[in-house]
Number of protein chains: 2
Amino acid sequence: MSQSVSSRQPVTLAEVAREAGVSPSTVSRILNGTAQVKAAKVAQVKAAIEKLGYKPNAFARSLATGASGSVGVLTQDIASPFYGDALGGIESGLMGSGYSPLIISGHWRTDDEEHAIELFMSRRVEALIVLGGHLPEHELRQLAQQLPVAILGRRVDLPSAGSISLALDNQRAAYDVVNYLLDRGHRRIGHLSGPRDHADALARLAGYRQALEDRGFPFQPGLVVQGDFHEPSGLIGTQQLVAQHPDMTAIFSANDQMAYGARLALYRMGLRVPEDMSLVGFDDLPGSAYTTPPLTSVRQPMAEMGHWLARFVVAQLTGQEITPFQPQLELRLRESVAPRRLP
Amino acid sequence: MSQSVSSRQPVTLAEVAREAGVSPSTVSRILNGTAQVKAAKVAQVKAAIEKLGYKPNAFARSLATGASGSVGVLTQDIASPFYGDALGGIESGLMGSGYSPLIISGHWRTDDEEHAIELFMSRRVEALIVLGGHLPEHELRQLAQQLPVAILGRRVDLPSAGSISLALDNQRAAYDVVNYLLDRGHRRIGHLSGPRDHADALARLAGYRQALEDRGFPFQPGLVVQGDFHEPSGLIGTQQLVAQHPDMTAIFSANDQMAYGARLALYRMGLRVPEDMSLVGFDDLPGSAYTTPPLTSVRQPMAEMGHWLARFVVAQLTGQEITPFQPQLELRLRESVAPRRLP
DNA sequence: CTTATTTTTGCAACCGCTTTCAGATAAGCT
DNA sequence: AGCTTATCTGAAAGCGGTTGCAAAAATAAG
């Protein structure tokens with residue numbers, strides 16, 4: 001109950017020991033339950049801890065035990081709704097495991113990512129979770145030899161047993177989206193694609209293309225405009241698409257954020273969704289269920305994946321088993337797609 | 001250039017010293033630039049470091065120097081767009097300062113927050129940035145006596161010099177919103193309020209009420225429905241409001257997320273925004289500029305505040321000066337408000 | 001080529017906690 | 001009570017760095 005005396009210099013275990021009239025070893029043992037200690041001494045020590053407001057120094061402990069109790073999480077943008085979900089999952093997956101996350105953003109810049117890794121290593125993280133990014137594969141593979149590495153959103157060959165990479169079949173999902181649109185009668189389908197150096201963006205584009213070709217419709221480069229995964233590029237791209245292809249009846253955006261931009265562009269042009277133009281996104285951001293109309297999108301189970309990855313690395317670290325997990329992309333049908341009206 | 005030999009056991013400074021044929025102290029001095037060292041030795045040591053792939057152990061260093069180089073960041077929900085922005089700002093504010101953030105979520109649960117603090121203290125963070133939350137004031141004050149504390153989103157009296165709390169005048173902003181609506185002829189204005197235990201929510205409600213009363217319109221409890229700051233509660237609240245007050249022409253939501261819910265509810269009921277119903281949110285989330293129509297909202301400069309707070313604590317830690325900063329709430333006029341149509 | 005200085009180095013003592021090892025205590029039996 | 005065995009406890013040696021101090025080496029001065 002009693003509050004500690006607030007002091008500048010943190011209290012050390014030795015001081016607690018002196019206060020309680022026992023040796024440091026004893027205090028340590030009580031703290032960690034490493035050995036039986038007479039009840040009387042336990043009481044004295046606990047009292048001393050309380051009185052002094054002692055908080056163990058994690059550094060000293062880590063140094064002595066060689067275990068840092070933390071896992072490095074390399075994300076790309078901490079403010080991104082997309083990665084944010086995954087972070088939330090990781091956090092919950094780590095909860096109660098005794099490990100805590102050390103989160104750093106790489107901003108899709110390789111050297112930022114390298115710095116992050118540097119920091120992780122100097123902070124002796126015991127495992128690594130990597131969300132996307134551009135780190136060269138060989139580097140990841142090298143890391144995987146030193147500690148468990150879990151990668152999300154990239155397919156990387158990790159020969160090491162304790163590591164894993166979790167990726168979704170983006171191409172397949174995009175393929176399904178376009179087929180869904182084709183099934184509803186749409187023939188001229190625009191695509192807002194993502195950055196050319198982004199593997200997922202490429203996969204989605206490939207799925208779009210393949211679906212068209214498999215159904216016998218030629219792929220038209222003019223119906224694809226490249227964006228950067230942010231809203232403004234979706235807006236501009238859509239204006240462009242609509243201007244050049246008045247007969248276009250559906251747009252498949254490579255992510256939700258660009259779909260939002262598209263939605264606004266259409267609104268501005270007086271085109272209704274879905275009556276005049278069907279719209280499909282990708283990612284199923286939390287907000288997408290509340291756009292007007294609610295956006296049909298491909299759900300990526302970010303939180304679940306993050307959660308599982310966290311539990312995966314913990315399992316590696318503690319030598320437990322973990323049930324495998326194959327996340328699935330799922331087309332969330334909402335209200336932004338309508339059958340093509342026959343002219 | 002040469003890559004290190006990947007080894008299980010991390011290389012230590014002593015090993016580097018042996019390899020280079022110098023004493024550990026010398027290596028340490030080279031690493032930290034603590035003293036002049038003969039160029040020849042520097043070269044040998046650098047070569048050894050490279051060859052062995054040596055990475056200093058941050059724990060050992062922290063233990064020896066007493067400086068952890070990290071600042072604790074207590075957020076509430078890492079996946080929230082709202083706090084996410086602030087985190088991004090903090091990250092950028094810390095960048096290049098030599099300090100790195102240790103981020104933990106409190107989930108608005110006091111005991112989670114206490115745990116976070118515990119972890120921060122055991123990890124010996126050198127400063128603390130707290131985003132919202134429910135930690136009792138006395139506790140914050142106590143912490144502020146031990147290290148620089150920067151609080152965002154709560155007004156807390158921190159007598160200690162090195163600490164600060166940054167809060168915005170939510171009541172004033174809400175007051176302005178409602179006046180803006182009144183100026184446009186709206187008379188029956190609904191309010192979707194936030195959680196009752198949330199200071200900002202209360203302030204916004206108070207501003208709403210005061211604006212009405214100051215203009216001579218009685219406050220009607222029936223026009224206020226309480227939500228939880230999430231979309232569904234905005235949706236349900238709006239349905240309720242519209243059903244009970246057919247003459248209502250505007251809704252002021254205590255945050256954007258509930259406004260999104262409201263927007264959808266209106267869409268479902270066939271009410272147009274802004275023609276049939278004006279809508280104003282609060283927070284100006286990144287997505288709000290891309291809703292249909294773009295949402296009029298109150299912008300909270302989260303990223304800027306985060307950035308400044310980070311720089312503030314760094315300034316405290318390094319004994320520098322920092323220019324004061326008074327963040328302002330700003331009404332972002334967009335397209336979700338129209339003058340009331342005269343019946 | 002000494003001698004007085006100024007640089008460079010290395011030794012050794014911490015930083016705060018864990019852990020092995022052995023001695024001290026307490027408990028169990030005859 | 002005397003001896004064995006099982007429990008507790010403390011001394012001391014690290015963990016991997018940093019740093020004050022003094023010795024050693026290099027440089028400047030006489």
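Letters A, B, ... are given to chains in the order of the sequence lines, protein chains preceding strands, and every chain is numbered from 1. Hydrogens, waters and symmetry mates are skipped; everything else that's a heavy atom, side chains included, is used.
- In this structure, Asn57(A) does not reach the dC15(C) phosphate: none of its side-chain N or O atoms is under 4.0 Å from OP1 or OP2.
- Between Ser23(A) and dG10(D) there is a side-chain polar atom (N or O) within less than 4.0 angstrom of OP1 or OP2.
- Between the CG atom of Leu31(A) and the P atom of dT9(D) there is a distance of 15 Å, given to the nearest Å.
- Residue Phe59(A) contributes atom CZ, which lies 24 Å from atom P of dG14(D) at whole-angstrom precision.
- Distance, Gln44(B) CD to dT8(C) C1': 13 Å, rounded to whole Å.
- The Ser25(B) side chain lies nearest to dT19(D) when the options are dT19(D), dT19(C), dG17(D).
- In this structure, Ser28(A) reaches the dT18(C) phosphate: one of its side-chain N or O atoms is under 4.0 Å from OP1 or OP2.
- Ile30(A) places its CD1 atom 18 Å from the P atom of dT7(D), with the value rounded to the nearest Å.
- One donor-acceptor pair, N or O on each side, does fall under 3.5 Å between the base of dG10(D) and the side chain of Arg29(A).
- Under a 4.0 Å N-O distance rule, the pair Arg109(A)/Glu113(A) does not qualify as a salt bridge.
- Checked by atom type and distance alone, the side chain of Arg29(B) never pairs as donor or acceptor with a backbone atom of Val37(B) at under 3.5 Å.
- One interatomic measurement links the two molecules: CZ of Arg124(A) to P of dC15(D), which rounds to 14 Å at whole-angstrom precision.
- Of the residues near DNA chain C, Leu63(B) and Thr26(B), the one whose nearest nucleotide (by heavy atom distance) lies more toward the 5' end is Thr26(B).
- Proximity of a side-chain donor or acceptor of Ser68(A) to a complementary backbone N or O of Ser70(A) within less than 3.5 Å is detected.
- Among the nucleotides dT19(D), dG10(D), dC17(C), the one closest to any side-chain atom of Val22(A) is dG10(D).
- Rounded to an integer number of Å, the gap from Met121(A) CE to dG16(D) P is 15 Å.
- A heavy-atom distance below 4.0 Å to DNA chain C is reached by these residues of residues 33-41 of chain B, ordered by number: Gln36(B), Val37(B), Lys38(B), Lys41(B).
- dG14(D) atom C1' lies 15 Å from atom CD of Glu15(B), rounded to whole Å.
- In terms of modelled atom types and a separation under 3.5 Å, the side chain of Ser165(A) and the main chain of Arg154(A) share a donor-acceptor contact.
- For Leu13(A), the listed nucleotide lying nearest its side chain is dT18(C); candidates were dT18(D), dG17(D), dT18(C).
- When the P atom of dG16(C) is taken as reference, atom CG of Asn32(A) falls 17 Å away, rounded to whole Å.
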